[in-house]
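See below for the structure under consideration.
What you see below is based on every heavy atom in this structure, not just the backbone, and it leaves out hydrogens, waters and symmetry mates.
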Amino acid sequence: MIPLIGGAGVGALAVLNISASVFRRARFTLRGVGLILTHAFLVVLILAGALQYFLRTEGILVLDAGEVSHEILAGEGNGRKNIPLGFSVKLKKFDARTWTGSDIPSSFSSEVCFMRGGESTETVIRMNAPVSFGGWIFYQSSYANGGRTSVITAVRNPVRFFPWISVPGVFAGMLLIFLPTLRARKKHAV
């Protein structure tokens, strides 16, 4: 048997390699600043994956019309636990439609009401159209009991914006790396 490192080990080695590369090669020129930015945001992207693994919470809400819940069911098997949402979710109406002449669902949606502190917000969670509320994202994932019960997946990911920050940062760094090359080609062409 050959011991293999897992994703965490590979991520840690990647962060060390990227950091060492930057310290070794970076200069304070336009291209050097681009190199530093690109590699720094790559490290942020890798760290976002690790943080998501540890900080992300995911569970399900199983509701019939008229039912209210203030928690989700997370985990599997004996490790299942109820996690409070910090607000209540009421299923007002569930709609499931199938393709004509089959039992295959074409669309399904849940009309829900989010309630917190005496205030309520009504919205519809549809297939492929999630809804955000209170730091959670709700996805219409399935249904049961012949279309009478809605199954909604709820996800809380406090680092979900890290990739949105990292990708433009990497792009800006790459632009700074290649900008001097483009200028040199333009001068050479003239």
Determine the minimum heavy-atom distance between Leu176 and Gly34, stating which atoms define it. CB-CA, 3.6 Å
Ile46 side chain reached by Ile18 side chain, heavy atoms, under 4.5 Å: yes
Answer yes if Phe94 and Val151 sit in the same cluster of Ile, Leu, Val, Met, Phe, Trp and Tyr residues linked by side chain heavy atoms under 4.5 Å apart, and no otherwise. no
Do the charged groups of Asp95 and Lys93 touch, with an N to O distance under 4.0 Å? no
Short question: side chain of Ser106, backbone of Arg97 - any donor-acceptor pair under 3.5 Å? yes
Should Val112 and Val124 be marked as a side-chain contact (heavy atoms from CB on, under 4.5 Å) after you check the CA-CA gap, both sets of side-chain angles, and the distance that decides it? CA-CA 6 Å; Val112 297; Val124 178; over 6 Å; no
Does the side-chain contact (heavy atoms from CB on, under 4.5 Å) test come out yes or no for Ile152 and Ser110, once each step is laid out? CA-CA 8 Å; Ile152 300 169; Ser110 296; 4.0 Å; yes
Any chain of hydrophobic side-chain contacts (each under 4.5 Å) joining Leu73 to Val62? yes
Test item: Val89 and Val68 side chains (from C-beta on) under 4.5 Å apart, heavy atoms: no
Decide side-chain contact (heavy atoms from CB on, under 4.5 Å) for Ile177 and Thr38; before the verdict, give the C-alpha distance in whole Å, the side-chain angles of both, and the deciding distance to 0.1 Å. CA-CA 9 Å; Ile177 290 171; Thr38 301; 3.7 Å; yes
Contact check, side chains of Pro130 and Phe138, non-hydrogen atoms, under 4.5 Å: no
Is it true that Arg31 and Thr181 share a donor-acceptor pair across their side chains at a distance under 3.5 Å? yes
Please examine the side chains of Glu67 and Lys90, heavy atoms only from C-beta on, and report whether any two atoms are closer than 4.5 Å. no
Any side-chain heavy-atom pair of Ile72 and Ile60 under 4.5 Å: no
Do Val44 and Ile165 have side chains that get closer than 4.5 Å, going by heavy atoms? no
So which heavy atom on Leu63 is nearest to which on Ser69, and how close? CD2-CB, 3.8 Å
Any non-hydrogen side-chain atom of Leu45 less than 4.5 Å from a side-chain atom of Phe162? no
Which heavy-atom pair separates Leu91 from Asp64 by the least distance, and what is that distance? CD2-C, 3.5 Å
If you measure from CH2 on Trp99 to OG on Ser107, what distance do you get to the nearest 0.5 Å? 8.0 Å
Take a 6.0 Å sphere around CG of Asn145 and say whether it holds more than 12 heavy atoms from other residues, nucleotides or ligands. yes
Salt bridge or not for Glu122 and Lys92, using N-O below 4.0 Å? yes
Could you tell me whether the side chains of Gln140 and Ser150 share a donor-acceptor contact shorter than 3.5 Å? yes
Please evaluate residues Leu85 and His70 with respect to the criterion side-chain contact (heavy atoms from CB on, under 4.5 Å), reporting the C-alpha separation (whole Å), side-chain torsions for both, the decisive distance (0.1 Å), and the verdict. CA-CA 6 Å; Leu85 291 168; His70 60 278; 5.7 Å; no
d(Ile125 CD1, Ser132 OG) to nearest 0.5 Å is 10.0 Å
Taking CZ in Arg56 as the centre, count heavy atoms belonging to other residues, nucleotides or ligands within less than 6.0 Å. Is the count above 12? yes
Give me the atom names and distance for the closest heavy-atom approach of Val159 to Ala48. CG2-O, 3.8 Å
Could you report the tightest heavy-atom contact between Glu71 and Leu61, atom names first, then the distance? O-CD2, 3.2 Å
Flag yes if Leu13 and Val10 sit in one hydrophobic cluster, no otherwise; membership is Ile, Leu, Val, Met, Phe, Trp, Tyr, and two members link when side-chain heavy atoms are under 4.5 Å apart. yes
Are Val33 and Leu35 joined in one hydrophobic group, where the rule is that I, L, V, M, F, W and Y side chains link up if heavy atoms are under 4.5 Å apart? yes
Phe108 atom CZ, over 12 foreign heavy atoms within 6.0 Å: yes
To the nearest 0.5 Å, tell me how far Arg156 CZ sits from Leu55 CG. 9.5 Å
Taking everything shown except Arg126 itself, do over 12 heavy atoms lie less than 6.0 Å from its CZ? no
Sequence neighbours left out, what passes ring pair (Phe, Tyr, Trp, His ring centres under 6.0 Å) with Phe41? Give chain and number order. none
Kindly indicate whether the side chain of Phe114, heavy atoms from C-beta on, has any atom under 4.5 Å from the side chain of Thr123. yes
Please say yes or no: joined through hydrophobic side-chain contacts below 4.5 Å, possibly via intermediate residues, are Val167 and Leu47 part of one cluster? no
Compute the centroid of each ring, for Phe133 and then for Phe87, and state whether the two points are separated by less than 6.0 Å. yes
I need the minimum non-hydrogen distance between Pro84 and Trp136, along with the two atoms involved. O-CZ2, 4.2 Å
Gap between atom OG of Ser109 and atom CE of Met127 - 0.5 Å precision: 10.0 Å
